[in-house]
Amino acid sequence: MKISNLHRLVQMAATASVAMGLAVSAHAQEEPKLIINGEQEMITHAIPPAYIDGLSESISGWVFRTKETQALELDDFDNPGMIFVDQAQELWDKEMGPENKSCASCHGDVSSMKGVRTVMPKFNEKAGELWTLEDYINDSLTTHMGMEPWGYTSTEMTAMAALIGNQSRGMPMNVAIDGPAAPYWAKGKEMYYTRTGVLELSCASCHEDNYGNYIRADHLSQGQINGMPSYRMKNAKLNGIHARFKGCVKDTKAETYKPGGPEFHALELYVASRGNGLSVESPSVRN
Amino acid sequence: MKRTAFLLIGATVAFATVAAAEVIAPDDVVFNDDGSVSTSLTGVAGDTENGQKVMVTKSLGNCVACHQVTALDYAAFHGNIGPSLDGVGDRYDEATLRGIVINAKRTFKDSMMPPMYKTSGFIRPGDFKGHSVPNPPSILTAQQVEDVVAFLQTLK
């Protein structure tokens, strides 16, 4: 607890110094910048929304990774996640299902999806519930293309989420938490702070109270999801948001929730809101 | 000490029955107001060697995941979530150490430390695969707790 308080003080001091223009170069040296393909700079540090009381600064998970892992996200030719984005691009243009439609048949070039990722998940008025990007993809498949839905954490689904997310790369996350989304957000917040499982850990135990610290060799991040889907070195594939949540819950020796289920929908909205202001990085590279 | 106990247990079945009955179950642990636990969970003195093993073994205590311990430097990658345990035998007495290992939140309300000897009162208890386990075993056995407490007392 003391360590994390100290950590925050140091952070606040660093932020204050930059604001006063006293230590800009020192700060830049300590914190490498995430500039993709040498041209597109990501926002990796942001002031969290006022309704997030547990964080003084929102920080991209990229900042917590080793130099070697960080380097892989700097260039699309080095980013292994881009292989899946390319595969999803082929899917986007492929005529599928009984109606022989492709995504492009209705949406045209995938660049039309620019900005979509920044507001996900969002309340869908017609359905009367909170929808994630994956829900919108499956709605297109089933309602407009006459197809069976894709598995929530399937390879195609996660790749398509990465392709669509990639259109918003660099744009700040900006999910809405008010109006009809409010009860989902409140439920997600409650989940975030509830200590579950045999290890009695909440999301906050690691990702709010102890980010920057180590559990064995694991450097704890804030658990931000602005970079999702993420290519992880650990399993050499793209990982979607709910699949990652599930992994985290399992690590606390707790009964997990179902990816695509109502609990993870609520949690996704809350966690996304903690990163409002951070750039979409899809697909990010993590370890 | 351990050998003596072993010989005694081997000597008479009656003694073994009594010894087994003396293990305090997780739900029966009596905490003092400050979270300490005065009574040994087993009545058998802790084995410091085994205590060390429990502390560095991932599937057992895995204490070094969160605590730096110079005496256990041979095990790679100590974490820094919790305080260093160097000198912890000077800072706390046996009962306090026992209470912290059993359930640290009884001593430090906001501690992040998982309870090592607790089997009830969890929210959504499960296993490392995410399956529900309604009545989970404690992370450590009673004797493993005593072994760890014995080792912690040597950290002076």
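All values below were derived from every heavy atom in this structure, side-chain atoms included, with hydrogens, water molecules and symmetry-related copies excluded. Residue numbers start from 1 in every chain, and the chains themselves are labelled A, B, ... in the order their sequence lines are given, proteins ahead of strands.
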### Task
Can you tell which part of B/P136 gets under 4.5 Å to a heavy atom of chain A, answering side chain, backbone, both or neither?
side chain
### Task
State, with a plain yes or no, whether a side-chain heavy atom of A/N210 is found less than 4.5 Å away from one of B/M112.
yes
### Message
Taking B/V64's backbone N and O only, do any of them form a donor-acceptor pair with A/R216's side chain (distance below 3.5 Å, no angle check)?
### Response
no
### Message
For A/K187, is the NZ atom crowded, meaning more than 12 foreign heavy atoms sit under 6.0 Å from it?
### Response
yes
#### Entry: Atom CD of A/E129 with >12 non-hydrogen neighbours under 6.0 angstrom
yes
### Query
Relative to chain B, which segment of A/V249 carries a heavy atom at a distance below 4.5 Å: side chain, backbone, both, or neither?
neither
### Message
I need the B/K129 NZ to A/T256 OG1 distance, nearest 0.5 Å.
### Response
14.5 Å
#### Entry: B/K53, NZ atom: more than 12 neighbouring heavy atoms under 6.0 Å
no
### Query
Going through the distances and angles, do A/L220 and B/I81 end up as a side-chain contact (heavy atoms from CB on, under 4.5 Å)?
CA-CA 10 Å; A/L220 293 175; B/I81 297 281; 3.4 Å; yes
## Note on the structure
CD1 of A/I215 to NE2 of B/H78, rounded to nearest 0.5 Å, is 14.5 Å
### Part of B/S111 within contact of chain A (heavy atom distance under 4.5 Å)
backbone
### Task
Could you look at A/L201 and say if it's the side chain, the backbone, both or neither that has a heavy atom under 4.5 Å from chain B?
side chain
### Message
Surrounding OH of A/Y51 (heavy atoms of other residues, nucleotides or ligands, distance under 6.0 Å), is the total greater than 12?
### Response
yes
### Task
Identify whether NZ of Lys or CZ of Arg in A/K253 sits under 6.0 Å from the centre of the six-membered ring of B/F128 and within 45° of that ring's axis.
yes
### Task
Before giving the answer on side-chain contact (heavy atoms from CB on, under 4.5 Å), spell out for A/R195 and B/I123 the whole-Å C-alpha distance, their side-chain angles and the decisive distance to 0.1 Å.
CA-CA 7 Å; A/R195 297 179 67 151; B/I123 300 170; over 6 Å; no
#### Entry: Which atom of A/E200 lies closest to which atom of B/G121, heavy atoms considered
OE2-O, 4.4 Å
### Message
Would you say CZ of A/R232 has more than 12 non-hydrogen atoms from neighbouring residues, nucleotides or ligands within 6.0 angstrom?
### Response
yes
### Task
Might you confirm whether atom NZ of B/K118 has over 12 heavy atoms from other residues, nucleotides or ligands at distances under 6.0 Å?
yes
### Smallest separation among heavy atoms of B/P125 and A/V198, with atom names
CB-CG2, 4.1 Å
### Task
Could you pull out the closest heavy-atom pair between A/G197 and B/F122, with the gap in Å?
O-CD2, 3.5 Å
## Note on the structure
Looking only at B/C66, B/A76, B/S138, B/A75, the option with the highest number of non-hydrogen pairs under 4.5 Å against chain A is B/A76
### Message
Please check this pair: side chain of B/N80 against backbone of A/Y214, looking for a donor-acceptor N/O pair closer than 3.5 Å.
### Response
yes
#### Entry: Contact origin within A/T194 toward chain B - heavy atom pairs under 4.5 Å
side chain
